[in-house]
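Taking it in order: structure first as structure tokens, then the write-up.
Chain letters run A, B, ... following the sequence lines, proteins first, then strands; residues in each count from 1. For clarity, every value in this text was computed on a predicted model and none was experimentally measured.
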Amino acid sequence: MPEPNGRHNEGNSSPRLASLTLVPHAADRLTAKDFKSDQEVRWCPGCGDYAIVAAFQAFLPELEVPRENVVVISGIGCSSRLPYYVDSYGLHSIHGRAPAIATGLASSRPDLSVWVITGDGDALSIGGNHLIHALRRNVNIKILLFNNRIYGLTKGQYSPTSEQGKITKSTPFGSLDHPFNPVSLALGADASFVARTIDSDRRHLTSVLRAAADHRGAAFIEIYQNCPIFNDDAFAPLKEPAASAERLIRLEHGEPVRFGPGASRGLRFGSHGQLEPVDVAGADPGTLIAHDAHRDDPSYAFALSRLDTADFAHIPVGVFRQVTQSSYDELMADQIAAARRHSGPGDLAALLAGNDTWEVH
Amino acid sequence: MTKQVQTLDHVIIRFAGDSGDGMQLAGDRFTQETAAFGNDLSTLPNFPAEIRAPAGTLPGVSSFQLHFADHDILTPGDAPDVLIAMNPAALRANISDLPRGGDLIVNTDEFTKRNLTKVGYAANPLEDGSLEQYHVHAVPITSMTVKALESFDITRKDAERAKNMFALGMLSWLYDRPAEGTLGFLKAKFSGRPEIMQANVAAFQAGWNFGETTEAFSVRYEVKPATLAPGSYRNISGNTALAYGLVTASQLSGLPLFLGSYPITPASDILHELARHKRFGVRTFQAEDEIAAVGAALGAAFGGSLAVTSTSGPGMLLKAETIGLAVSVELPLIVCDIQRAGPSTGMPTKTEQADLLQAMFGRNGESPVPIVAAASPADCFSAVIEAARIAVKYRTPVILLSDGYLANGSEPWRIPEIASLPDLASEFAFATPGADAGAFQPFLRDPATLARPWAIPGTPGLEHRIGGIEKADVTGEISYDPDNHDRMVRLRQAKIDGIAADIAPLRVDDPDGSARVLVIGWGSTYGSIGAAVRRVRNGGHPVAHAHLRYLNPFPPNLGEVLRRYDKVLLPEINLGQLALLLRGRFLVDVISYNRVRGLPFRAAELAGVIEDVIGHA
């Protein structure tokens, strides 16, 4: 294993974010500027990606890890250009495969902070298989899915998150596909960390990034992202300040769930395990739920994810689920360590000879 | 009773039975006994892809052929001298390969009316005289096994299952094989089930004793140990040798080994073998699919691992896009293609050499990839170390071609001294933080090798971004400049072409230099062609033989070698893939000989082809 330049955590007592326990500590405090590459950003004017990359670059110094220990891996699509704009190690790979490539890197190099940048087409169409398997294995990678509900780079075909009936170049009579709910999908894959946020709410976006970095294992973040060219205002109902306060269900672990006008609405379980929005006034306070992201059983988080409606009447954002499980790289390293404890390090000459040899003189 | 002992210089035995009869195990144990005895040997397991085809049917027949000799041999043999048929299906499927006068040992218990009907025998061949041209040894193997195990507290089914050990014991006596290895193997294999272990040992001994006392065998045979180069030997299969070669390359290079793989016949044993060697720091990743397997390997390569993916032809198709990315980002990656009969699913357990053009060209754009092909089971060890050397030195994916015959076949292997192996650590270095200030240039090439720096994450000052989009020469920035693309396409090609100066020239075996015909081959046909060439020479005809280990780039002297001979004959287990390349590259009118039966060539068949070509030269 290439050692990370001999710099580990020894002698540094500041609390570390959970995903970074094996990553060296930065000698110096970095700034957003340190993570800006010299590359000209080539997204369309007004693209939501600008806000996301700015928030990401501003957040990275909080990791307190050296710049060279941050790796950003992407697939193909507009969002997947992001690694070029972050001054660290980056790999702009092929369509849909970033989670697989990141799995190989993260499981062989636990001293790195590995981020995957992907989009709704990249992660949910061509790369759907890799996404669910990276999540169920709990590889220590942070997956940022920029969901603009459209194919941008190929100029405007519908995506697996486009609403049914979407009129696009490839569906002039309306799309026939029923869309994925990315959060439901991730929860169905038993992801240990699942969150949703919005490109335009930098404070919320940053808080979710922080929570993801503080999670050892796979973290999945859906980011609602506006494509001004091919699907403008897809999330408009959530973006006006007044409307968003009412429509967004901001999930805070341990806090009662409140939304709607004047925080007048809450959630309770219905008779079939589903969650129902109710008026707080008049409801039995004992039945109103407080958010618990740490529930081991993902059914509750899944029920939260099913509150989405096509008209954005109420949309949960924040951390749906965050449970502690062993991460894949740790388990892999543990098996190697256990084998060496049990039988000592490998002896190549003994391996090649095996047990059935004969001598020719 | 003292039996006559007859000395032979070689024997070819074929064990044949139902898939559930344990023929592969019996064959494997006989092979280990033979190896321990010191014969040279070569094996050909041949089994159906179905795990358990319906019992007693022709599709369910599984066989294992072993050729052993008191001299060095190159192939598992064309036709058996001895056929062991455990049931009518095995007899029917194999009898046409047994030459007149061959020994036929049959398990008479299974020759029931029902079993005979199942495979279309109207009459019992043991009784109708149709086997008169063979030496038939009729042995009620099943019932004698069950009788020998009467005193054991096991089910009748378990007792019957030990019949392969009875047969093995009988054959071990007949050919004077040492039994200690098999007894030790049974003790270890069934250590948790002492009754079963003792029953198998008893069945083996009963078979041995039967051979000694029965009149069914009037002669016992001996095949003296072979004279091999001095050293310590073991028997090894191609897939095991390949897995050991990868562990060795990891140790020699100092790079941790990462294997990304998805189970596929006949490559899975590489994954199985490497998964056992965690003490060497080996990381094995059974991915969700072939694409993720190679993707994870490429990710590990980016991080500084010796990265490998193993597969067979259908998996190669799925990996093509990622191999192309590895060509573009110029990272080391070893891709092991254990070829099998295609197209599509084809015949998963049968061998073929028909992935050569896929390895050569199976990607979009100009994407040259070095190709190394192993020639024999044991050669998989050094071939994959050479693939690793080229990968790390030139920062390129390298395709290692093996096939089903090499993967499952085995032969004696002289265990190498560690000190004699290539020093891979001296072939490459990770990029280190530059002393000179200025931006890191991820595509500034080494002038000698044209390799770009291997700058792994965690190295301060070398932060950089790479990807599948065309990069500007030197800086590695995204570039759509027409002239830059032309330059980069040529640089990537020149890097691979340049490897020709760093590999061994093609060696020609032309003992007295008088041959006018050259037989050239590549990969697993080495043994068949070599054996055929010996036959032709023994018949008084000079013929030259050369075997290609490097398919891309070719050795630098290949063109000169091809032009040196009046005729060039190229046998391939495909329809002429290397022939296409040689004709295109060297304008030499190569004569192709092609059979695609899922099996290795027979030496006698090739000898006839060579003699025909010589006759017309």
Need one label for [X]: side chain, backbone, both or neither, based on atoms under 4.5 Å from any heavy atom in chain A.
X: T322(B); value: both
X: P225(B); value: neither
X: F381(B); value: side chain
X: A293(B); value: neither
X: V282(B); value: backbone
X: Y233(B); value: both
X: E288(B); value: both
X: L462(B); value: both
X: E321(B); value: both
X: I466(B); value: both

How about [X] and [Y]: does a side-chain donor come under 3.5 Å of a side-chain acceptor?
X: S328(B); Y: K471(B); result: yes
X: Q251(B); Y: T248(B); result: no
X: E470(B); Y: S479(B); result: no
X: T43(B); Y: T31(B); result: no
X: S327(A); Y: D329(A); result: yes
X: E33(B); Y: T182(B); result: yes
X: S232(B); Y: E359(A); result: yes
X: N138(A); Y: S192(A); result: yes
X: N39(B); Y: T34(B); result: no

Partner chain A: residue of [options] with the largest heavy-atom pair count (under 4.5 Å):
options: G467(B), G231(B), A226(B); result: G231(B)
options: I469(B), T284(B), T240(B); result: I469(B)
options: V247(B), V329(B), D289(B); result: D289(B)

Which answer fits [X], side chain, backbone, both or neither, if we ask what part of it has an atom under 4.5 Å from a heavy atom of chain B?
X: V72(A); value: neither
X: S74(A); value: neither
X: H361(A); value: backbone
X: A333(A); value: both

Rounded distance [0.5 Å steps], [atom1] in [X] versus [atom2] in [Y]:
X: L20(A); Y: E62(A); atom1: CG; atom2: CD; result: 11.0 Å
X: L187(A); Y: F220(A); atom1: CG; atom2: CZ; result: 9.0 Å
X: T309(B); Y: L298(B); atom1: OG1; atom2: CG; result: 10.5 Å
X: Y151(A); Y: D122(A); atom1: OH; atom2: CG; result: 9.0 Å

Interface residues of [range] facing chain B - heavy atom cut-off under 4.5 Å:
range: residues 77-85 of chain A; result: R81(A), P83(A), Y84(A)
range: residues 338-352 of chain A; result: A339(A), R340(A), S343(A), G344(A), P345(A), G346(A), D347(A), L348(A), A349(A), L351(A), L352(A)
range: residues 33-41 of chain A; result: S37(A), D38(A), Q39(A)
range: residues 91-99 of chain A; result: L91(A), H92(A), S93(A), I94(A), H95(A), R97(A)

ask   = Hey, is CG on D423(B) packed in by over 12 heavy atoms from elsewhere, all under 6.0 Å?
value = yes
task = Step through the shown structure and confirm whether more than 12 heavy atoms of other residues, nucleotides or ligands are within 6.0 Å of CG on D72(B).
result = yes
A cation-pi test, strictly: NZ or CZ of [X] under 6.0 Å from the centre of the six-membered ring of [Y] and no more than 45 degrees from its axis. Yes or no?
X: R283(B); Y: F258(B); value: no
X: R395(B); Y: F428(B); value: no
X: R465(B); Y: Y89(A); value: no

key: Side-chain heavy-atom pair W413(B), N235(B) within 4.5 angstrom cut-off   = no
task = Verify whether the ring centers belonging to W115(A) and F56(A) lie closer than 6.0 Å.
result = yes
query = What residue, out of R67(A), R42(A), R137(A), has the most heavy-atom pairs lying under 4.5 Å from chain B?
reply =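 Of the candidates given, the most pairs with chain B belong to R137(A).
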